[in-house]
Amino acid sequence: MNETNERIDGFAGDAVGVLDDDPVGKLKVFVYEMPRKYNRMLLDKDSRCLHHMFAAEIFMHQFLLSSAVRTLDPEEADWFYTPAYTTCDLTPQGFPLPFRAPRIMRSAIRYVATTWPFWNRTDGADHFFLTPHDFGACFHYQEERAMERGILPLLRRATLVQTFGQRNHVCLQDGSITVPPYADPGKMQAHLISPGTPRSIFVYFRGLFYDMGNDPEGGYYARGARASVWENFKDNPLFDISTEHPSTYYEDMQRAIFCLCPLGWAPWSPRLVEAVVFGCIPVIIADDIVLPFADAIPWEDISVFVAERDVPRLDSILTSIPLPDILRRQRLLARDSVKQALLFHQPARPGDAFHQVLNGLARKLPHGEGVFLQPGEKALDWDAGLQSDLKPW
């Protein structure tokens with residue numbers, strides 16, 4: 001089957017051809033020149049942020065600097081981008097400091113608003129920001145704390161490009177673009193095995209089932225879904241599941257038919273990207289999740305969705321899927337365009353995650369009438385938010 005026919009026959013509706021869109025000529029982006037303390041100095045201080053799952057904010061900046069959509073004339077820009085690395089100020093354990101991120105962002109926005117006139121024309125409505133935290137621009141890894149904070153008030157009119165996506169959640173505002181977390185393309189490439197290798201593992205998962213430090217009983221972590229997987233299927237021979245993370249992890253995914261992608265503290269993880277890249281059908285267990293580039297990637301055609309309450313029936317759900325449906329999903333997963341759309345390549349490649357972000361921004365053009373403010377009009381309150389977030393950075 002040739003590529004054109006596969007695209008028409010395999011993908012339905014609006015997803016047809018969208019992954020192959022070229023954003024060049026459809027939008028222009030002005031990249032603010034920021035003091036080094038907002039990006040380069042943070043990276044120089046701790047290079048771990050080049051490798052963690054939040055690294056898209058760094059690579060998006062690097063990509064835009066040499067992208068054909070970049071304009072050096074802000075007057076002709078459709079979008080403005082502020083390169084602030086809010087996930088690059090890390091704890092010794094490698095986690096972004098939740099109290100520092102909103103202060104970095106507020107400081108960066110204040111610098112932009114006082115240095116150039118463009119923020120004040122719209123109060124940020126024609127600006128986009130990378131916010132790849134666990135709960136996006138709520139800037140916290142614990143959901144309760146994230147919901148208490150809410151989205152940083154100064155970002156209420158901006159377009160947020162974030163990994164977090166969950167419907168009807170305070171940390172996802174309308175118009176956001178949900179993106180995949182960063183998973184190192186080179187590292188995965190180095191672990192590829194022969195595509196003819198039999199898929200002898202029916203269900204595969206490696207990861208936590210309980211967070212003993214924060215939720216020892218397992219009822220809150222992953223809303224109990226991971227605990228239920230373990231309690232129901234730890235002795236099931238069809239399920240290769242464990243907390244151990246073997247050196248053959250990537251190879252094992254390529255030998256599996258189904259890869260479990262349950263929520264953890266947040267609904268997303270790099271596991272989804274890895275499953276797609278390695279052709280393992282993702283079994284998505286995360287109610288109300290908003291998946292990356294959902295307007296371009298036909299997730300319903302390449303994945304299996306299982307409601308959290310149905311985890312105890314996971315074995316019967318998966319074994320009841322007809323073989324032709326499994327083969328069809330595998331064929332669609334094998335398409336290079338699907339894999340590339342989830343990867344932040346360095347250097348960038350046509351159709352990769354960078355280009356999907358730009359396509360998402362281009363589809364939001366032209367800006368509506370409410371974007372530009374009247375002279376003297378203000379839509380944001382600079383003093384709104386938690387008192388702790390108002391402290392200087």
Side-chain angles (χ1 to χ4, degrees), residues 31-65 80-115 119 124 127-156 158-164 171 176 179-184 213-214 264-266 268-270 344 346 357 382 384-393:
V31 180
Y32 286 118
E33 184 69 32
M34 301 292 290
R36 287 169 53 86
K37 70 175 184 177
Y38 292 107
N39 41 64
R40 189 68 224 185
M41 288 176 63
L42 289 168
L43 182 55
D44 290 343
K45 175 185 173 185
D46 198 333
S47 62
R48 288 179 297 173
C49 32
L50 276 172
H51 309 289
H52 65 185
M53 59 185 176
F54 312 112
E57 65 179 357
I58 299 170
F59 295 122
M60 191 74 196
H61 180 204
Q62 295 176 355
F63 163 73
L64 285 171
L65 290 177
F80 295 82
Y81 169 66
T82 304
Y85 299 169
T86 58
T87 66
C88 210
D89 200 351
L90 305 176
T91 68
Q93 295 76 31
F95 302 111
L97 287 162
F99 68 91
R100 297 294 292 274
R103 298 176 192 174
I104 294 172
M105 185 63 80
R106 280 182 53 86
S107 177
I109 294 173
R110 186 173 294 278
Y111 179 81
V112 163
T114 56
T115 306
W119 174 273
H127 289 55
F128 71 94
F129 293 83
L130 270 287
T131 56
H133 277 251
D134 291 89
F135 289 92
C138 290
F139 295 122
H140 210 287
Y141 57 87
Q142 295 177 344
E143 185 172 19
E144 288 184 351
R145 298 288 299 276
M147 294 178 68
E148 176 188 357
R149 171 179 277 147
I151 292 172
L152 192 70
L154 290 182
L155 294 174
R156 290 291 184 181
T159 290
L160 303 179
V161 179
Q162 60 184 52
T163 44
F164 174 76
C171 298
S176 297
V179 300
Y182 177 73
D184 188 337
N214 298 297
W265 285 113
W268 62 271
S269 81
F344 294 94
Q346 298 88 50
V357 171
W382 282 82
L386 297 180
Q387 286 299 310
S388 60
D389 292 346
L390 302 182
K391 294 180 179 179
W393 175 64

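Small disclaimer: the values here were computed from a predicted structure and weren't measured.
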Going by side chain to side chain donor-acceptor pair (under 3.5 Å), name the residues that satisfy it together with [X], two or more places apart in sequence or in a different chain.
{"X": "Arg100", "value": "Asp89"}
{"X": "Tyr38", "value": "Ser107"}
{"X": "Thr87", "value": "Glu57"}
{"X": "Asp184", "value": "none"}

Identify, with sequence neighbours excluded, every residue that meets side-chain contact (heavy atoms from CB on, under 4.5 Å) alongside [X].
{"X": "Ala146", "answer": "Phe135, Cys138, His140, Cys171"}
{"X": "Gln93", "answer": "Thr91, Phe95"}
{"X": "Thr159", "answer": "Trp79, Phe128, Ile177, Leu361, Lys364"}
{"X": "Arg156", "answer": "Ile151, Gln173, Leu380"}

I need the [X] [atom1] to [Y] [atom2] distance, nearest 0.5 Å.
{"X": "Trp265", "Y": "Tyr141", "atom1": "CH2", "atom2": "OH", "result": "10.5 Å"}
{"X": "Arg40", "Y": "Ile58", "atom1": "CZ", "atom2": "CD1", "result": "9.0 Å"}
{"X": "Thr131", "Y": "Leu160", "atom1": "OG1", "atom2": "CG", "result": "4.5 Å"}
{"X": "Arg106", "Y": "Leu154", "atom1": "CZ", "atom2": "CG", "result": "5.0 Å"}
{"X": "Met105", "Y": "Thr82", "atom1": "CE", "atom2": "OG1", "result": "7.5 Å"}
{"X": "Leu43", "Y": "Gln62", "atom1": "CG", "atom2": "CD", "result": "7.5 Å"}

Non-neighbouring partners of Tyr85 that pass ring-ring contact (aromatic ring centres under 6.0 Å, His included), sequence neighbours left out: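 Testing Tyr85 for ring-ring contact (aromatic ring centres under 6.0 Å, His included), a comparison that skips the adjacent residues, returns His61.
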Pairs touching residues 384-393 that satisfy salt bridge (charged side-chain N to carboxylate O under 4.0 Å, His left out), sequence neighbours left out: Arg149-Asp389
Pair Ile109-Phe129, side-chain contact (heavy atoms from CB on, under 4.5 Å): steps then yes or no: CA-CA 10 Å; Ile109 294 173; Phe129 293 83; 4.0 Å; yes
To check you understand the geometry: which heavy-atom pair defines the closest contact between [X] and [Y], and what is its length?
{"X": "Phe344", "Y": "Pro181", "value": "CE1-O, 4.3 Å"}
{"X": "Pro83", "Y": "Met34", "value": "CD-CG, 3.6 Å"}
{"X": "Asp46", "Y": "Cys49", "value": "O-SG, 2.9 Å"}
{"X": "Met53", "Y": "Trp268", "value": "SD-CZ3, 3.7 Å"}
{"X": "Leu390", "Y": "Trp382", "value": "CD2-O, 4.2 Å"}
{"X": "Leu155", "Y": "Ala137", "value": "CD1-CB, 3.8 Å"}

Residue pairs passing the ring pair (Phe, Tyr, Trp, His ring centres under 6.0 Å) test where at least one lies in residues 39-60, sequence neighbours excluded: His52-Phe54, Phe59-Tyr182
Heavy-atom neighbours of Arg145 CZ exceed 12 at 6.0 Å: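 No.
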Validation row: Leu90, Pro96 side chains within 4.5 angstrom (heavy atoms): yes
Side chain Thr114, main chain Tyr111, donor-acceptor under 3.5 Å: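 Yes; at least one donor-acceptor contact below 3.5 Å.
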Test salt bridge (charged side-chain N to carboxylate O under 4.0 Å, His left out) applied to Arg110 - qualifying residues, sequence neighbours left out: none
